[in-house]
Amino acid sequence: MSDKNFDNYFRDRLRDHSSPVPADMWQRIIPEQRRRRKFFFWIWIFAGAILVMTGLFVNHHILTPDPKTTLVPRSTPEPKTVTLHLPAAHTGKSDSSGTVPSSTPASTTPPSSVTKMTPSVPTSSIPTHHASLSQTRFSSLSQPRAYRTYHASLAPYPISRRPVAARSLPLAPQSPAKQKSKKQKPVLPKWYFDAYFSPDIALIDLREWSYTTGVRFSKQLGPHFSAKIGLQFSSLREKAKLDSEALHIRLTTLDIPLLAGYQTSVGHLATTFTGGIILNIRSWNTLGPGFITHDFYKANTGLSLYLGLNFVQPLNKKFSLFAEPFIRCRLWDISKYPNFFDNRMNAAGILLGLRYKH
Amino acid sequence: MTICMRYAGDQKEAEDILQESFITIFTNIGQFRSEGSFEGWLKRIVVTTALKILQRKKVHISAINDNDETIPSISPGVLDKLSEEELLELISRLPEGYRIVFNLYVMEGYDHNEIAGMLNINPGTSRSQLAKARKLLQQQINVRFKLPNGYVR
């Protein structure tokens, strides 16, 4: 019998053959399915807790501001009260010589006959230069403007025809209480540029180290929100064992992260929650040593979900250092035969980088 | 269950493969696309699950030097005397590496290049494993029918 006939015989006899299934198989399947769902749920909870704890640790131990460098506001001067004095009212008789009295320099003290004006004077009722004017509260305005003197501290203010009430003019800065009530809006950068490097680990295998490096451009869209786009290169490694031989799997990817950020503050520190997708442009994989490199993985591994928490430490006005622990999960399997090996090579790490602000 | 028994070495291992397969099926039932038959999709899942479980056992598949003596061929009439359960038993008695390659090539219809990719071996290794599996099966069948009362040593 030839090999082909031998194979065909086995195939034909066993293809449609059915063997009995154990009676308790159904009872064994359902509890196992529920147990696995709970397991993956707690994995995500654990990963989120690690992320938050890392952020709090970095904030408390590394990035807490030095109290010695805290700025103390200067004491504000007491508000000064300035009284506006104008020359006394004219008796109504004009000067026969027709000369105009010389103007009094603004730096001199006002004459003793200076009277205080009241505020209730309409502009239209200002009298003209005429002898018939009686001594009224408006008559001081009949004199040429040169006679009008005013206190030196009022020089910056424009002189109007409307008499100014002799009242206190607050010129000093606002009291500290009023200053505190006003919220000073921070000046946000329009955009900033990040360059980073990250030591990573594959979540399925913690024995091999991996890395990511890249650049990112961020645009501020408001006081809290920002949009980010970048380009990054990742090399993720796993170690598997086939009998006594070690199998090293390396997945190299070129990706475009498309992320959004929400900035808030945790204690004294500005923190940004960063999330979005990572779009894979191209993937390469190697299997070795001792094995033929086979085209087993996809050339494009599709989309990944990204979640990170960003902490920034300014160096000067333009440059800052930042740290961003993250987790990245692929949406699809990376192998061409997903039913054989469910492998997504999800990863976690911490971006460490330099930021330039504009 | 027949597929599980072809890949497994014993009844317990076959039941483990079946249990894992059903869990995978129920978990990924939403991914089934109506492009092919549902039976074919189920069959692929069972086969891949069996390979996963055997991989966990670190099955070593390596190239072999086939210097064994030639085995007398079997006449078709002899095979007709064997039941399906006996054929399954013969396959389950094969060493794991031979059994996997025999099932993937003969029963599932993969070629040696595809088998090499799935198992991370050389295509030549796949061919030698298959040849050895055939010879062992023929040996077992010859031994079975030479012994009195049909008992296998």
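Here is how names work: the chains are called A, B, and so on, in the same order as the sequence lines, proteins then strands, and each is numbered from 1. Excluded from the calculations below are hydrogen atoms, water molecules and symmetry mates; all remaining heavy atoms, backbone and side chain alike, are included.
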Give, for atom CG of B:Leu88 and atom CG of A:Leu14, the distance between the pair rounded to the nearest 0.5 Å.
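The CG atom of A:Leu14 is 5.0 Å from CG of B:Leu88, to the nearest 0.5 Å.
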Test side chain to side chain contact (heavy atoms under 4.5 Å, CB included) applied to B:Val106 and A:Phe6, step by step:
CA-CA 9 Å; B:Val106 174; A:Phe6 186 78; over 6 Å; no
Contact origin within B:Ile3 toward chain A - heavy atom pairs under 4.5 Å:
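Neither the backbone nor the side chain of B:Ile3 comes within 4.5 Å of chain A.
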Shortest non-hydrogen contact from B:Met107 toward A:Phe10
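Closest approach of B:Met107 to A:Phe10, heavy atoms only: CE-O, 3.9 Å.
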Of all the heavy-atom pairs spanning A:Arg13 and B:Leu82, show the shortest one and how long it is.
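Shortest heavy-atom contact: NH2-O, 2.5 Å.
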Heavy atoms of other groups near A:Phe273 CZ, more than 12 under 6.0 Å
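Atom CZ in A:Phe273 is not packed in, count stays at 12 or less.
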Which residues pass the side-chain contact (heavy atoms from CB on, under 4.5 Å) test with B:Ala14, not counting sequence neighbours?
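side-chain contact (heavy atoms from CB on, under 4.5 Å) check on B:Ala14 returns B:Met1, B:Cys4, B:Met5, B:Ala8.
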